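Keep in mind that what you see is a predicted model, and the values were worked out from it rather than measured. A, B, ... follow the sequence lines: proteins, then strands. Residue 1 opens every chain.
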Amino acid sequence: MIVLRFAASPSRDLHLGDLRIALINALVARQRGEGFLLRITDRDPKALAEDPEQTIQPILEKCVRHDQIFHQSESLHRYRQLAVSLVERDKAFVCTCSPETPDNETYACNGACQNHTPKERARIYEEKRPYAIRVIRPDAPVVFDDVLAGTITTHPDTIGDHLLLRTDGVPSEAFAGAVDDMLGGISTVIRDEAERLRTAQEIHIRSQLGYTEAITYAHLPPLSGELPAIKTLFEEGFLPDAIVNYLLTLGQTPPAKIFTFPEAVAWFDLQHLSAAPIVYDPEALLELNREHLRRMDDKALSGLYRFADADIGRLIKLYLDEAPTLRELDEHIPQIFAPKPCDGEHGDTMRTLASLIASAPPFDDFEAFTAYLIDQTGLYGDSLSIPLRRILTGRTDGPALSDLYPFIRSYITEVARCQP
RNA sequence: GACCCUUUCAUCUAGUGGCCAAGGAUGCUACGUUUUCAUCGUAGUCACAGAGGUUCAAAUCCUCUAAGGGUCGCCA
């Protein structure tokens with residue numbers, strides 16, 4: 001089973017870098033016919049301001065589907081049990097150093113605790129003194145193979161006497177992760193490069209626990225730049241498919257510019273992902289979003305604006321050049337069908353046009369339509385086209401009216417209305 | 001401070017010692033096709049971070065320098 005873990009901290013919204021890792025996990029799991037597990041790291045109830053399921057899942061689900069979900073809060077007793085067993089086998093020790101540390105200093109256990117005799121230990125338990133549990137650092141460097149970066153060696157001192165259980169009984173991320181991967185029979189872990197040290201710690205912990213199954217690790221390079229939260233991207237009108245498309249093009253050369261998740265399953269290759277850091281390029285995302293919108297079914301697209309008319313979809317697509325996201329389209333599309341403010345310089349003309357159009361016969365094409373208006377009003381050039389554009393679109397800019405007309409023709413009396 | 005990772009066009013990348021005076025895709029610029037836009041076609045634009053080695057031969061291996069990122073908590 002491939003594993004994916006998310007920090008449950010609601011202090012930071014899920015961003016593009018997180019989603020990329022989630023996607024790649026899901027993709028590789030799919031390729032291998034394995035499951036994709038979403039692990040909620042809710043070990044510390046005090047640290048949770050919001051229910052992670054409410055904040056993470058709705059966002060994730062639009063882009064990736066998981067097969068299973070696991071909450072660390074459900075197996076807190078197991079972490080403790082295993083930590084204690086390590087102490088009994090002299091792989092770990094009970095640490096009574098004070099958790100309070102002066103503001104600027106890095107806290108470190110002075111090592112004295114490591115030499116507790118079993119008798120001293122019993123007394124600590126008996127007196128109910130607060131204690132934490134730490135693993136004894138490895139006596140040799142921890143070595144593992146990373147799919148992208150090759151062999152990684154971590155020195156014992158870097159790993160340190162890693163803390164397993166806090167005084168309050170909450171397990172550390174590495175400890176909980178090590179245990180979960182072991183008990184869950186996890187085959188592959190794909191995560192951020194920043195967690196590389198954690199990997200070494202987990203390997204050490206697991207070997208102390210006597211677990212020998214090898215786990216494949218891939219540490220992905222970070223995405224740098226101003227990473228927007230996924231939530232924000234949705235609000236700005238990016239399609240989940242476009243975001244998925246963008247994220248999966250990074251680190252390799254896809255066979256096509258535009259593709260979907262299921263298509264990527266066929267060619268994506270974890271082994272050949274680039275290990276170089278990647279700069280988030282908003283332009284590229286925008287371009288892909290435009291392209292995904294363009295390829296959307298006309299009728300489905302119109303549905304976003306409560307129509308079920310392929311013509312409206314085609315109308316919307318005329319605006320894609322200037323408005324590549326749904327939010328930007330919102331500045332153009334709804335007002336076409338809303339009553340227009342008939343004020344200012346062209347107000348009178350707009351009112352005239354509105355009533356003229358309301359009583360006019362239907363016209364097949366734009367030329368016949370304008371010919372009729374010219375004939376009826378005696379206006380021509382800008383003095384006609386500007387108010388006409390305003391009464392039809394509510395704006396003074398946009399695609400050519402002749403392009404727009406065929407699609408709004410059947411809605412013309414609804415379109416050409418003045419606000420009361 | 002210590003340790004780790006990374007560094008090819010504007011962007012994403014191909015490239016694991018000769019096929020690389022570096023290829024593709026996207027972008028951009030022209031031109032063409034097209035009823036406009038889009039599509040499509042053609043052409044152009046643009047890169048091996050720097051310096052030293054090793055070698056008959058280096059984008060590719062080694063060393064140093066620089067830049068970017070990361071990790072060193074009873075932080076999530």
Between [N] atom [atom2] and [X] atom [atom1], what is the distance in whole Å?
X: A:Phe259; N: B:U26; atom1: CZ; atom2: C1'; result: 13 Å
X: A:Asp157; N: B:C4; atom1: CG; atom2: P; result: 13 Å
X: A:Asn289; N: B:G27; atom1: CG; atom2: P; result: 15 Å
X: A:Asp161; N: B:G73; atom1: CG; atom2: C1'; result: 14 Å
X: A:Arg80; N: B:C74; atom1: CZ; atom2: C1'; result: 13 Å
X: A:Glu193; N: B:C3; atom1: CD; atom2: C1'; result: 14 Å
X: A:His219; N: B:U6; atom1: NE2; atom2: P; result: 13 Å
X: A:Leu320; N: B:C37; atom1: CG; atom2: P; result: 16 Å

Provide the distance between the two [atom1] atoms, one in [N] and one in [M], to the nearest whole Å.
N: B:C28; M: B:C64; atom1: P; result: 43 Å
N: B:U26; M: B:U45; atom1: C1'; result: 14 Å
N: B:G1; M: B:G18; atom1: P; result: 39 Å
N: B:C61; M: B:A2; atom1: C1'; result: 27 Å
N: B:U8; M: B:A49; atom1: P; result: 6 Å
N: B:G50; M: B:G32; atom1: P; result: 40 Å
N: B:C31; M: B:A14; atom1: C1'; result: 29 Å
N: B:A25; M: B:C40; atom1: P; result: 12 Å

Sub-4.5 Å side-chain heavy-atom contact between A:Leu384 and A:Leu353: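 When only atoms from C-beta onward are counted, A:Leu353 and A:Leu384 do touch, with a gap below 4.5 Å.
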
For [N], which nucleotide in any strand shown is its Watson-Crick or wobble partner with both distances under 3.5 Å?
N: B:U7; result: B:A66
N: B:U29; result: B:A43
N: B:U16; result: none
N: B:A57; result: none
N: B:C72; result: B:G1
N: B:C48; result: none

So what does [X] touch, heavy atoms closer than 4.0 Å: a base, only the sugar-phosphate, or nothing?
X: A:Val170; value: nothing
X: A:Thr249; value: sugar-phosphate
X: A:Gly251; value: sugar-phosphate
X: A:Asp281; value: sugar-phosphate
X: A:Ile278; value: sugar-phosphate
X: A:Pro222; value: sugar-phosphate
X: A:Ala284; value: nothing
X: A:Leu197; value: sugar-phosphate
X: A:Glu287; value: sugar-phosphate

CD on A:Gln252 to NE2 on A:His272, rounded to 0.5 Å: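 A:His272 NE2 to A:Gln252 CD: 10.5 Å, rounded to 0.5 Å.
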
Which nucleotide in the list [options] gets nearest to the side chain of [X]?
X: A:Asp403; options: B:U36, B:U26, B:C74; value: B:U36
X: A:Ala276; options: B:U71, B:A38, B:U7; value: B:U7
X: A:Leu163; options: B:C12, B:C74, B:A38; value: B:C74
X: A:Ile152; options: B:G27, B:C5, B:G68; value: B:C5
X: A:Arg166; options: B:G70, B:C75, B:U6; value: B:C75

Any A:Arg134 side-chain nitrogen or oxygen under 4.0 Å from OP1 or OP2 of B:C74: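 Answer yes for this pair, as a side-chain N or O of A:Arg134 is under 4.0 Å from OP1 or OP2.
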
Short side-chain N/O contact to B:C3 OP1/OP2 from A:Arg196, under 4.0 Å: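 Result: no.
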
Donor/acceptor link under 3.5 angstrom from A:Thr167 side chain onto base of B:C74: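 When only heavy-atom distances are counted, A:Thr167 does reach the base of B:C74 through a donor-acceptor pair under 3.5 Å.
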
Do side-chain atoms of [X] reach the backbone of [Y] as a donor and acceptor pair under 3.5 angstrom?
X: A:His155; Y: A:Asp157; value: no
X: A:Thr370; Y: A:Glu367; value: yes
X: A:Lys317; Y: A:Arg294; value: yes
X: A:Arg290; Y: A:Leu320; value: yes
X: A:Gln376; Y: A:Leu373; value: no

Short N-O contact, A:Arg39 and A:Asp181, less than 4.0 angstrom: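 Salt bridge flag = yes for A:Asp181 with A:Arg39.
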
Salt bridge (Lys or Arg N to Asp or Glu O under 4.0 Å) partner of A:Asp161, chosen from A:Arg137, A:Arg134, A:Lys91: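 Exactly one option meets the salt bridge (Lys or Arg N to Asp or Glu O under 4.0 Å) with A:Asp161, and it is A:Arg137.
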
Residue met sooner reading RNA chain B from 5', once A:His155 and A:Ser274 are mapped to nucleotides: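 Checking each residue's closest nucleotide, the 5'-ward one belongs to A:His155.
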
Which residue lies more 5' along RNA chain B, comparing A:Glu291 with A:Ala256 via nearest heavy atoms: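 Per heavy-atom nearest nucleotide, the more 5' residue is A:Ala256.
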
